[in-house]
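Counting convention: from 1, in listed order, for ligands and their atoms alike. None of the values given here were measured: they were computed from a predicted structure.
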Amino acid sequence: MIVLCFLLCLCLDLICSSPHFYDHTLCDSGVNYPGTRYTCNSSRISCQTFVVYRANDKFATILSISNLFRRDPSVVLSINSVSSSNQVLETGREVLVPVVCSCTGKYFQINVNYTVSEKMTLPAVSCETFEGLVKYVTLIEENPDIKGVLVGLVLRVPLKCACPESDDDDAGVKFLVTYPFIKGDDTTKLSKKFNVSVEEIWQENHLEASPTVYPYTTVLVPLKEKPVINLSIPDSDPPIPQFLPTVPVERTTKSSQINNLYSVGAVLVFCLILATLVACGLYIRNLKKFKNSNFHSSNHRISSLNSCSTPTRSSANSCLSPDLLIGIKYSLCTFTMEQIRTATKNLSESTKIIDSVYRGSSENGEVMIKEMRFEGTKQVIDLHSKINHVNIVKLHGVCFGEHDFTWSYLVFEYPLNGSLRDCLETSSAAFNWQRRTHVAFDIATGLHYLHYSVIPAYTHLNINSKCIFLTSNWRAKITVFGNAKESRSSTYSKSWIAPEYLTNGLLSEKVDIFAFGVVLFELISGKDAMDGNVFKESISFLGRGWIEGGCFDQLRGLVDPCLKDDYSLAEALCLAILARSCVEDDPMHRPSMDDILKILARMV
Ligand SMILES: *[C@@H]1O[C@H](CO)[C@@H](O)[C@H](O)[C@H]1NC(C)=O
Ligand SMILES: *[C@@H]1O[C@H](CO)[C@@H](O)[C@H](O)[C@H]1NC(C)=O
Ligand SMILES: *[C@@H]1O[C@H](CO)[C@@H](O)[C@H](O)[C@H]1NC(C)=O
Ligand SMILES: *[C@@H]1O[C@H](CO)[C@@H](O)[C@H](O)[C@H]1NC(C)=O
C-alpha cells in the first residue's frame, strides 16, 4: 500500500516539470527512490555549487571539513564568515562547502574519495561522516567490492548535488544547494535560512505544499545568488496551515453523508425494482411477440434493421413508461431473425468482429450483434436496464432466435472506429497520445460507473482491448455482454489476466483493475498483451529501483513507435507506473477505480 501511494504521488508530481524529487527515506536505507540521486540532463555537464555540512566532533574546523571534501580551506573559509580555518566550530554550525557538481552519465554527483581511518560501517559513512549527503544504497552501488569492516580503504563517495537546467533559466536559478535536514527542520525554516520562497523549494523538489520532511534526507535549495545562510533563525512556530484543511472536512461529514446515502439508496432500490419488473414485462411481451411473428413469418415484411423504432418499439402495458421511471432512456427493439441475417450476411465470418460478435450494417447505421444462449440474455437485458453511460456500449434490441430459443441475438450500437485492439494494430497516426490518454480516462470512467454506480456493483471480468470500442471521435465505450460464459465456442483467450482469477477463481473488482492495467500497457506500447510474460519483461524497469536503470530510455523503448516523439514522457511514465500498480499480483496492492480516475482526470 505504501509503495502504491508512493507511486501514485510520484505519478501526480510528474505532471509538473521539475526533474528533482525528494527522497523521504533515511540515509541508511538500502532502497533506491526517485531523488536518492538527482538524475542529470546532458544539457549541463557540470557546475559550481554548494553543499551544507554541519560541524561535528570529528570535523569541527574549516580545515578538517575542507579536507573531507578535498577543497581548498581558504576558499571554504572565505564564504563562511569564520575568522580562522582552525577555529573550533560549535557542533551543528552550518558550513557552506563550495563544490563542483558533475553529470556522470545518469546522475549528478560530487566525486569525493574518502579514506576510512577507523572501524566503521557503510551506513555510518553515509549518515555520520557525510550527514546524509549520500545514501547508503549509493555507497553500495559505487563500491560493490567492499564488504565487512572498512579500515584504510578508499571509498568512492558520490555526494548528492544538482545543476540548474541552464546558466540562466527562466526563474533565474543559478545554484541548487544540497541541504541535509536535521531534527527540527522544515521547509519554512529552510526558506528563511536562505531567504528564498518556500514555494520555490517545494517546486524544485516535487514536494506538495507544507510537506513533512525527515532528518537525514536532503533537498535542493534553488538560489538566484551565491548562498548566504542566516544562522540565527529560531525554530519554527507550530506550522500555520497554508491552505484550508480539506481532508478533515471530508471525514467529519461522512456520517451525515452516509445517512443521506441510505435514504437516496432506498429510493433508488425501489426504482430499480420497479424498472426490473417493467423490463421483465417487456422481455416476456417481446418473447410472445416474437413467437407470433415467427408463426406468421410468411406475412412478415422484412424491414430494415434500424427501422424498428415504429412498429416494434416496446412500451409497458401500464401507463408508466420505462422512460419516466428513474429517468433511464431504456426501451428495447425486437428484431427478427431475417433482420439479423441480412445485417450480418447470414452470420458470415467476414462480419465477425470477435468470438460470437458480429458487425451488422444497414442503410441506417452500424450495429454490433452478440450471439448468446437464451438463458444468458435475461441477465444482460436486466443489467442494461440499469446502465446508462456514455462510456458503455448501448443495447438497442434483441432477437430471440428461431424454432428453438437456444441462440439469441443482442443488438448493440457499433462505435465506428472499431475495437481498441484494431485501432492500435493499424498504427494510425490519428490515434495520437492525447487521444490515448482520453481513451484510458473513458475506460476508467466506464469501469468506475460499473463498480460504484450500478446497484448491485457490477464486475466486468472480461476487460480487454478487444471488448473496448472507439467512436468516430475517439471516445471509448466498453461492451458489457454479461459474464456468463455462453458463447458457442468458448475460446476465452489466454491473455494476461489477474492471477487470483486464474488460480482460485477469486472474483472481485480487482480483476477488472488488473485488466485495466493491461489495457493501459497496450495503449502505451501498442502491443497485444496476449502473453503476460513478455510484457512483464518489458516493464521490469518499473519495479523496485526503477529509477536507477535510465528509466526514461527504457520507457521510450516501451512506448508505441508509431507515436514517434509526439507524446509527453512524464505522462507516459505516469501511465506506465499506474499500469504497473494495477497489475500487482496481490489484489490488495492494486489501486481502486476511484484512485485511478483521480490520476487520469489530471491528464486529460
Ligand atoms: C533536459 O533538458 C531539456 C532542455 O535543456 C529539457 O527540455 C528536458 O525536459 C530535460 N529533461 C529532463 C529529464 O530533465
Ligand atoms: C579517487 O580515486 C580514484 C582511484 O581510486 C581516482 O581515479 C580518482 O581520480 C580520485 N578522485 C578524486 C576526486 O580524487
Ligand atoms: C531577501 O530577498 C529579497 C528578494 O527576494 C531581498 O529584497 C532582501 O533584501 C533579501 N534579504 C536579505 C536579508 O538578504
Ligand atoms: C536573520 O534572521 C533573523 C530572524 O529572522 C533576522 O532578524 C535577521 O535580520 C536575519 N539576518 C540577516 C543577516 O539576514
**OP:** Would you check whether Val154 reaches within less than 4.0 Å of ligand 2, judged by its heavy atoms?
**Re:** no
Ligand 2 to Asn111, heavy atom cutoff 4.0 Å, flagged ligand atoms 13 (C)
Q.
Using a 3.5 Å cut-off on N or O atoms only, is Asn113 in polar contact with ligand 2?
A. yes
Ile233 heavy atoms within 4.0 Å reach ligand 4 at atoms 2 (O), 5 (O)
Starting from the C-alpha separation in whole Å, work towards a yes-or-no answer on side-chain contact (heavy atoms from CB on, under 4.5 Å) for Arg436 and Asp560. CA-CA 11 Å; Arg436 290 186 196 208; Asp560 193 344; 3.0 Å; yes
Salt bridge or not between Arg37 and Glu141? Use side-chain N to carboxylate O under 4.0 Å. yes
Report, as yes or no, whether the 6.0 Å neighbourhood of atom OH on Tyr216 holds more than 12 heavy atoms from other residues, nucleotides or ligands. no
Q) In this structure, are over 12 heavy atoms from other groups packed under 6.0 Å from Glu142 atom CD? A) yes
Residues passing the ring pair (Phe, Tyr, Trp, His ring centres under 6.0 Å) test with Phe441, sequence neighbours excluded, are none
Here the pair of heavy atoms bringing Leu133 nearest to Thr218 is CA-CG2, 4.3 Å
For Glu94, the salt bridge (Lys or Arg N to Asp or Glu O under 4.0 Å) test, sequence neighbours excluded, returns Arg54, Lys193
Sequence neighbours excluded, the answer for salt bridge (Lys or Arg N to Asp or Glu O under 4.0 Å) partners of Asp512 is none
Expected contact list for ligand 3 at under 4.0 angstrom, heavy-atom basis, is Asn195
